[in-house]
Structure formats: structure tokens, C-alpha cells
Peer 1: 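Just dropping this structure here.
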Amino acid sequence: KLFNSIEDVREMNFTWAPDGKSLLYNINDSMYICDTLFQQSRKLSLQGRGARWMPDGERLTYMRNGEIYIADTLSYQETQITNDGMRKGAPIPSPDGTKLSYIVSDNNIWLINIDGSNPYFLTKSNWFNYSWTPDSKAIVYSKEDDWDTFLWKIDIDGKNDIQISKE
């Protein structure tokens with residue numbers, strides 16, 4: 001039995017490795033890697049939620065106690081990226097692997113360098129959904145305006161915050 005409650009399902013997420021050869025998934029605070037034939041899963045000796053692969057396919061990022069971590073999937077050596085006491089969620093590595101984006105209270109989107117330096121506020125989103133552009137130069141996010149939701153794009157330097165959908 002994988003799930004004890006609907007909260008367990010909400011806390012489960014999964015992402016494919018960049019090479020497509022394995023699947024990373026969470027159940028509660030436990031992380032697992034499964035082969036593509038779905039024959040074998042291995043539980044990682046790491047605890048955290050919201051696990052995602054880093055672009056190098058050798059490390060992953062995740063949340064624990066409201067802070068962001070990066071860990072190697074073989075050695076389990078982990079590095080704490082944030083330590084500011086603000087509750088965070090949804091850490092997503094940039095496609096080039098140089099930055100992480102994450103959500104802080106009220107769906108504010110923040111960016112931080114992969115080594116934990118230079119955290120900064122980027123923009124406010126009305127939803128928890130956002131994504132990096134493939135070139136790592138901008139974030140696409142959803143924003144509500146008069147009861148309608150639109151997509152916006154903002155450069156990672158905070159410039160060119162433009163609406164890209166009309167309906």
C-alpha cells in the first residue's frame with residue numbers, strides 16, 4: 001500500500017532523470033529512484049519532499065523543514081542551499097543548472113544561485129505553477145487578473161515582465 005491518505009498523494013511527485021533512464025519520486029519524506037522497466041526501486045538515504053532531478057542527472061534538489069537542499073544520488077552527500085527560516089516550496093533547477101527557483105509565502109517566486117548565494121525576489125504569481133524557459137533566461141508563470149488567469153514571462157533579472165497569453 002503506497003498511500004494512507006489523500007495527503008500522501010498530494011505529497012507524492014515524480015520526475016524523469018534527464019537521460020530518461022530512471023524516475024525519481026517521493027512518498028511523504030522518503031525518496032526513491034525506479035528503473036524505466038519499473039522492476040526495481042531503491043530508497044535513497046535522504047529525507048525530504050518535492051524532489052527533482054538536477055540537469056546533470058547525478059544530483060537532486062528537495063525540501064526539508066522549509067529549506068532547500070541539493071544531494072548527490074550515489075554518495076548522498078547533501079548541501080543545504082537556503083537557511084533563512086522562510087517556508088519555501090517547489091524548488092526547480094534552471095535547465096542550465098546554475099540557479100534554483102522556488103516559491104515563498106503568498107506564491108512569491110524567488111531565485112538563488114545553485115551554491116546558495118544571491119537569493120532574490122523575482123515576482124508574485126497567483127498560482128503555484130511556473131516553469132523555466134529552456135534557455136534559463138526567463139520564468140513563465142500564471143497570474144490572475146479580474147478573475148481570469150493569464151501566462152506571463154519575466155526575465156531572471158526582473159525585466160521584461162510581459163503577458164504572453166490573452167485568454
Peer 1: Could you tell me if the side chain of Ile81 sits less than 4.5 Å from the side chain of Thr79, heavy atoms only?
Peer 2: yes

Peer 1: Taking all non-hydrogen atoms of both residues, which atom of Gln47 and which atom of Arg64 are closest, and how far apart?
Peer 2: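 Reported closest heavy-atom pair: O-NH1, 3.0 Å.
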
Peer 1: Can you confirm whether Arg52 sits close enough to Pro91 that some side-chain heavy atom of one is under 4.5 Å from a side-chain heavy atom of the other?
Peer 2: no

Peer 1: Can you check whether Ile70 reaches Leu60 side chain to side chain, under 4.5 Å on heavy atoms?
Peer 2: no

Peer 1: Can you sort out the partners of Asn65 under side chain to side chain donor-acceptor pair (under 3.5 Å), two or more places apart, ordered by chain and number?
Peer 2: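 Not a single residue meets the side chain to side chain donor-acceptor pair (under 3.5 Å) criterion with Asn65.
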
Peer 1: Give, for atom CG of Leu24 and atom SG of Cys34, the distance between the pair rounded to the nearest 0.5 Å.
Peer 2: 10.5 Å

Peer 1: For the residue pair Tyr32 and Tyr25, does the interplanar ring angle fall in the parallel (under 30°), tilted (30 to 60°) or perpendicular (over 60°) class?
Peer 2: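 Rings of Tyr32 and Tyr25: parallel, under 30°.
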
Peer 1: What are the two closest heavy atoms between Glu67 and Asn83, and how far apart are they?
Peer 2: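 Of all heavy-atom pairs spanning Glu67 and Asn83, the closest is OE1-N, 3.3 Å.
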
Peer 1: Looking at Lys137, I'd like to know if its NZ atom is crowded, meaning that more than 12 non-hydrogen atoms belonging to other residues, nucleotides or ligands lie closer than 6.0 Å.
Peer 2: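 Count not over threshold, so no.
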
Peer 1: What is the distance from atom CD of Glu58 to atom CG of Asp19, rounded to the nearest 0.5 Å?
Peer 2: 9.5 Å

Peer 1: Assigning hydrophobic clusters by single linkage (Ile, Leu, Val, Met, Phe, Trp, Tyr; side-chain heavy-atom cutoff under 4.5 Å), is Leu111 placed with Val104?
Peer 2: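 Looking at the clustering, Val104 is in a separate group from Leu111.
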
Peer 1: Shortest non-hydrogen contact from Gly89 to Met63?
Peer 2: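 Reported closest heavy-atom pair: N-CE, 4.0 Å.
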
Peer 1: Do Leu46 and Tyr69 make a side-chain contact, defined as non-hydrogen atoms from C-beta onward lying under 4.5 Å apart?
Peer 2: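 No, too far: nothing below the 4.5 Å cut-off.
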
Peer 1: Hydrophobic cluster membership, with links at side-chain heavy-atom distances under 4.5 Å among I/L/V/M/F/W/Y: are Phe121 and Ile112 in one?
Peer 2: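 Linked, Phe121 and Ile112 end up in one cluster.
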
Peer 1: Can you list everything that forms a side chain to side chain donor-acceptor pair (under 3.5 Å) with Ser117? Sequence neighbours excluded, please.
Peer 2: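 By the side chain to side chain donor-acceptor pair (under 3.5 Å) rule, Ser117 matches Asn113, Asp115.
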
Peer 1: If hydrophobic clusters are built from ILVMFWY residues whose side chains come within less than 4.5 Å, do Ile33 and Phe14 share one?
Peer 2: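 No, no single cluster joins them.
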
Peer 1: Please list, chain by chain and in numerical order, all residues satisfying side chain to side chain donor-acceptor pair (under 3.5 Å) with Thr61, sequence neighbours excluded.
Peer 2: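 Checked Thr61 against side chain to side chain donor-acceptor pair (under 3.5 Å); zero matches.
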
Peer 1: Distance check, rounded to the nearest 0.5 Å: Met54 atom CE versus Thr73 atom OG1?
Peer 2: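 If I round to the nearest 0.5 Å, the distance is 12.0 Å.
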
Peer 1: Rounded to the nearest 0.5 Å, how far apart are CG of Leu122 and CD1 of Ile109?
Peer 2: 6.5 Å

Peer 1: Quick check on Lys124: does its NZ atom have over 12 non-hydrogen neighbours (other residues, nucleotides or ligands) under 6.0 Å away?
Peer 2: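 Yes, because the 6.0 Å sphere around NZ of Lys124 holds more than 12 heavy atoms from other groups.
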
Peer 1: Give me the atom names and distance for the closest heavy-atom approach of Gly50 to Asn26.
Peer 2: N-OD1, 3.2 Å

Peer 1: State, with a plain yes or no, whether a side-chain heavy atom of Leu151 is found less than 4.5 Å away from one of Tyr141.
Peer 2: no

Peer 1: For Asp135, which residues count as a side chain to side chain donor-acceptor pair (under 3.5 Å) partner, sequence neighbours excluded?
Peer 2: Thr133

Peer 1: Report yes or no: do Tyr130 and Ser101 form a side-chain donor-acceptor pair below 3.5 Å?
Peer 2: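 Tyr130 vs Ser101: donor-acceptor pair found between side chains.
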
Peer 1: Main chain of Ser94, side chain of Ser136: is a donor-acceptor contact present, judged purely on distance under 3.5 Å?
Peer 2: no

Peer 1: Listing request: all ring pair (Phe, Tyr, Trp, His ring centres under 6.0 Å) pairs with a residue in residues 74-100, at least two apart in sequence or in separate chains.
Peer 2: none

Peer 1: Ignoring hydrogens and geometry beyond distance, is a side-chain donor-acceptor pair present between Asp29 and Tyr62 at under 3.5 Å?
Peer 2: no

Peer 1: Consider side chain to side chain contact (heavy atoms under 4.5 Å, CB included). Of Ile154, Ile92, Thr123, which one does Ile139 pass it with?
Peer 2: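 Passing option: Ile154.
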
Peer 1: Taking C-beta and beyond as the side chain, do Lys143 and Phe150 meet within less than 4.5 Å on heavy atoms?
Peer 2: no

Peer 1: Please report the shortest heavy-atom distance between Asp84 and Lys88, naming the atom on each side.
Peer 2: OD1-NZ, 2.8 Å

Peer 1: Can you find a heavy atom in the side chain of Trp53 that is under 4.5 Å from one in the side chain of Ser22?
Peer 2: yes

Peer 1: Does the Asp157 side chain pair with the main chain of Lys159, one donor and one acceptor, at a distance under 3.5 Å?
Peer 2: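 Yes: the side chain of Asp157 pairs with the backbone of Lys159.
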
Peer 1: Just so I know, are the side chains of Lys43 and Ser30 near enough to count as touching, which here means a heavy-atom distance under 4.5 Å?
Peer 2: yes

Peer 1: Please give me the minimum heavy-atom distance between Leu100 and Ile114, naming the atom from each residue.
Peer 2: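 So the minimum-distance heavy-atom pair works out to CG-CD1, 3.7 Å.
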
Peer 1: Remaining members of Leu74's ILVMFWY cluster at a side-chain heavy-atom cut-off under 4.5 Å?
Peer 2: none

Peer 1: Kindly determine whether Trp152 and Asp161 satisfy side-chain contact (heavy atoms from CB on, under 4.5 Å), including the steps that lead there.
Peer 2: CA-CA 7 Å; Trp152 288 68; Asp161 192 10; 3.6 Å; yes

Peer 1: Does Gln77 reach the main-chain N or O of Asp72 with its side chain, forming a donor-acceptor pair under 3.5 Å?
Peer 2: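 No; judged by distance alone, with no hydrogens or angles, the pair does not exist.
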
